[in-house]
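Scroll down for the structure; my scribbles are underneath it.
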Amino acid sequence: MEKDREKIDRLAIFSSGTEMYVSPLEPDVNERVTIRCRTRKDDADGVYLITNQTKIQMQKEYSEGWFDYYNTVVQLGTEPFAYYFMITKGDQKVYFNKQGDVDDPFPQYDYRLFPGFKTPDWAKGAVMYQIYVDRFCNGNRNNNVVNDEYSYIGEHVRAVDDWAKYPASMGVREFYGGDLQGVLDKLDYLQDLGIEVLYLNPIFVSPSNHKYDTQDYDYIDPHFTVIKHDGGDVLEEHDQDNSHATKYIKRVVDKENLEASNEFFAHFMEKVHERGMKVILDGVFNHCGSFNKWLDKECIYAMDPSYEKGAYIEEASPYHTFFKFGEDGEWPYNTCYNGWWGHDTLPKLNYEESEKLVRYIMRIARKWVSPPYNVDGWRLDVAADLGFSQEFNHKFWSEFRKNVKEANPDAIILAEHYGDPTPWISGGQWDTVMNYDAFMEPVSWFVTGVDKHSDVARPDLRGNSGVFFARMTEYGARFCRQSYLTAMNELSNHDHSRFLTRTNGRVGRTASAGPRMAGVGVNQAAMRAGVMIQMTWTGAPTIYYGDEAGVCGWTDPDNRRTYPWGAEDTELIRFHKEAIRIHKDYDALRAGTLIYLICEEGLIGFGRYDKKDKFFILVQAGGGYRKVEVPVWRLEVNDGEFMATMLRSDSSGFSLNAQVYEVKDGCVTVELETDGAVIVKSVERSY
């Protein structure tokens with residue numbers, strides 16, 4: 001490793017937003033912050049921090065191993081603080097930002113500090129588990145939806161007797177019976193798997209199995225909890241009038257049933273918290289459902305004097321301003337209201353014209369994160385769509401954050417969002433987002449060559465390491481550090497095809513290809529490789545229920561198959577347990593620095609490290625046998641030190657057997673097989 005004395009060693013230059021390079025990581029308003037940058041030892045004439053057109057010369061703090069470390073202290077104010085670095089040697093200048101070493105820095109890749117913005121520590125690098133409740137486990141058959149209980153989108157609802165049945169193409173009306181008692185029954189399993197946080201798809205009263213069409217924000221659906229008082233009749237065969245669905249009305253309108261349901265949920269939260277686990281609820285506030293008590297298009301609340309008349313029924317309804325009605329509409333039974341994307345089953349909420357509605361939802365925001373429920377956060381559905389203008393959208397979420405954080409300062413606010421989240425995650429609105437752009441999509445393309453819906457196959461993107469790192473860099477640069485550490489990193493979820501299905505390289509949906517084809521030709525090694533990236537990349541790795549057990553499925557609704565209790569892929573579960581254990585055991589993988597190491601055809605290599613532990617991860621998409629020289633000196637590992645494999649996977653299976661490497665000339669050489677992936681860690685000595 002004889003250094004070129006003439007040119008700046010660009011590979012040695014490094015900084016990041018981690019605690020090794022920024023202290024404190026989440027500074028308060030008006031706090032002083034130490035910022036660091038490293039260079040190759042004795043390689044730079046000057047290192048400068050550039051901010052707001054100001055150049056601050058950094059001082060050499062110390063030298064160690066291969067590197068010199070420079071720092072400076074800056075005084076923050078109340079506004080965001082953006083910066084990058086300039087390194088000089090003679091007449092040479094190299095800039096360094098989130099893109100790495102560049103000759104021409106662009107502002108979108110600046111590092112940014114947001115004074116006073118903090119995200120919950122428990123969520124940083126936490127292992128999460130997403131549960132679509134109806135499909136996870138049926139713990140109480142007495143609360144099941146029954147055949148013909150009511151009508152939804154023109155047909156009667158059905159109860160599914162065969163737990164293993166594939167979801168129908170229009171399966172929104174079929175119910176398998178999963179509930180919160182089923183989740184409680186499986187807490188031992190989830191805790192043994194290593195799960196720390198449960199993210200539940202919507203659980204408030206709703207007529208669909210997905211429950212993204214909220215009927216009542218104040219109550220948990222009794223079909224997911226308990227039904228204290230049952231009774232009433234189901235619909236006759238050809239009857240579509242839900243005002244006749246007296247069994248459904250008894251179950252979800254009766255206040256005693258609703259209060260008993262909330263009491264059960266308080267018990268549920270207590271049991272989860274006793275294990276040190278957290279719960280995130282799904283909040284759908286952009287729109288509600290046509291069954292909602294404020295609209296009452298189905299007239300299921302109209303006969304109960306304890307409820308005000310819905311805005312569909314009476315123009316004088318106290319909820320009239322909650323919705324935007326067209327000029328041509330007439331009462332009673334006014335169908336001329338604004339629906340989200342034109343869906344009359346999803347009436348869009350009209351916050352701009354109803355301060356009463358805003359206050360109501362702010363109360364809901366506080367209610368569920370407060371005693372006796374003490375929920376640990378909100379996931380916000382289609383959060384960027386809320387309102388009729390971006391100006392109002394930001395105003396609403398600022399107020400939402402204020403209410404949630406006052407009620408429970410440690411609650412997380414996590415939004416569903418595609419595209420640039422920067423306007424919302426700059427300290428005053430959301431904490432973070434579901435990480436589609438800087439995780440799910442790049443990983444899917446690199447490992448499988450298929451998009452997240454299984455709608456498009458691009459074999460040229462499978463193993464395309466340049467595209468992988470470019471997308472990770474471009475979209476990852478939009479996060480500040482505290483948001484990146486808490487970003488929900490999923491391989492699959494309820495809106496996209498199962499990752500294991502994507503490994504077959506096929507395009508398809510259940511209506512066109514049939515559900516069986518989703519499991520044909522899948523590549524278990526590619527699945528394991530995806531999980532190894534998931535458990536070692538920056539963020540909160542989030543498993544979609546059943547992924548760990550080998551569940552396949554095309555995109556919605558096929559991705560909502562039931563958890564296969566008694567028919568699990570136990571070897572895949574064992575692999576997940578080991579990968580999760582490794583992630584949880586080391587702060588370097590939860591919150592450490594991430595650095596790109598290798599970008600070759602069909603191969604990516606990256607490192608995670610802190611002052612205590614150093615890791616590198618290699619992932620090969622397809623390919624065959626190859627030897628890879630890994631520059632571990634960039635992880636601050638010195639010659640004569642040792643590193644050892646913690647987890648290895650390829651087309652033949654996976655192994656925990658340790659292979660030890662001695663660092664020579666700053667490198668170690670690792671062998672990979674087809675679809676090979678490996679996690680390697682520094683160790684104190686050979687063993």
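Every residue meeting the side chain to side chain contact (heavy atoms under 4.5 Å, CB included) condition with Glu571, not counting sequence neighbours, appears here in chain and number order: Asp569, Arg574, Phe654. A search for side chain to side chain donor-acceptor pair (under 3.5 Å) contacts involving Tyr563 returns Tyr189, not counting sequence neighbours. Contacts of Asn493 classified as side chain to side chain donor-acceptor pair (under 3.5 Å), with partners at least two apart in sequence or in another chain: Tyr436, Glu490, His496. Checked against side chain to side chain donor-acceptor pair (under 3.5 Å), Asp556 has the following partners two or more places apart in sequence or in another chain: Arg560. Under the rule for a salt bridge (Lys or Arg N to Asp or Glu O under 4.0 Å), the partners of Asp547 that lie at least two apart in sequence or sit in another chain are Arg498. Asp587 meets the salt bridge (Lys or Arg N to Asp or Glu O under 4.0 Å) test with no other residue; sequence neighbours excluded. Under the side chain to side chain contact (heavy atoms under 4.5 Å, CB included) criterion, Asn403 pairs with Met362, Arg366, Glu399, not counting sequence neighbours. Annotation: salt bridge (Lys or Arg N to Asp or Glu O under 4.0 Å) contacts of Asp221 (sequence neighbours excluded): Lys211. Looking at residues two or more places apart in sequence or on another chain, you find a side chain to side chain donor-acceptor pair (under 3.5 Å) between Asp650 and Ser652.
Every pair passing salt bridge (Lys or Arg N to Asp or Glu O under 4.0 Å) that includes a residue from residues 120-132 is listed here, sequence neighbours excluded: Glu26-Lys124, Asp121-Lys124. For the salt bridge (Lys or Arg N to Asp or Glu O under 4.0 Å) condition, the pairs that include at least one residue of residues 440-449, sequence neighbours left out, are Glu441-Lys452.
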Pairs of donor and acceptor atoms involving the side chains of residues 466-474, under 3.5 Å and at least two apart or interchain, shall be tabulated with distances.
from, atom 1, to, atom 2, distance (Å)
Thr473, OG1, Phe469, O, 2.7
Thr473, OG1, Tyr596, OH, 3.0

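The side-chain contact (heavy atoms from CB on, under 4.5 Å) with Ile35 is formed by just one residue from the set Tyr83, Tyr21, Tyr111; it is Tyr83. Under the ring pair (Phe, Tyr, Trp, His ring centres under 6.0 Å) test applied with His494, the options Tyr545, Phe136, Tyr212 reduce to a single match, Tyr212.
Lys118 and Asp28 are joined by a salt bridge, as a carboxylate oxygen and a charged side-chain nitrogen come within less than 4.0 angstrom of each other.
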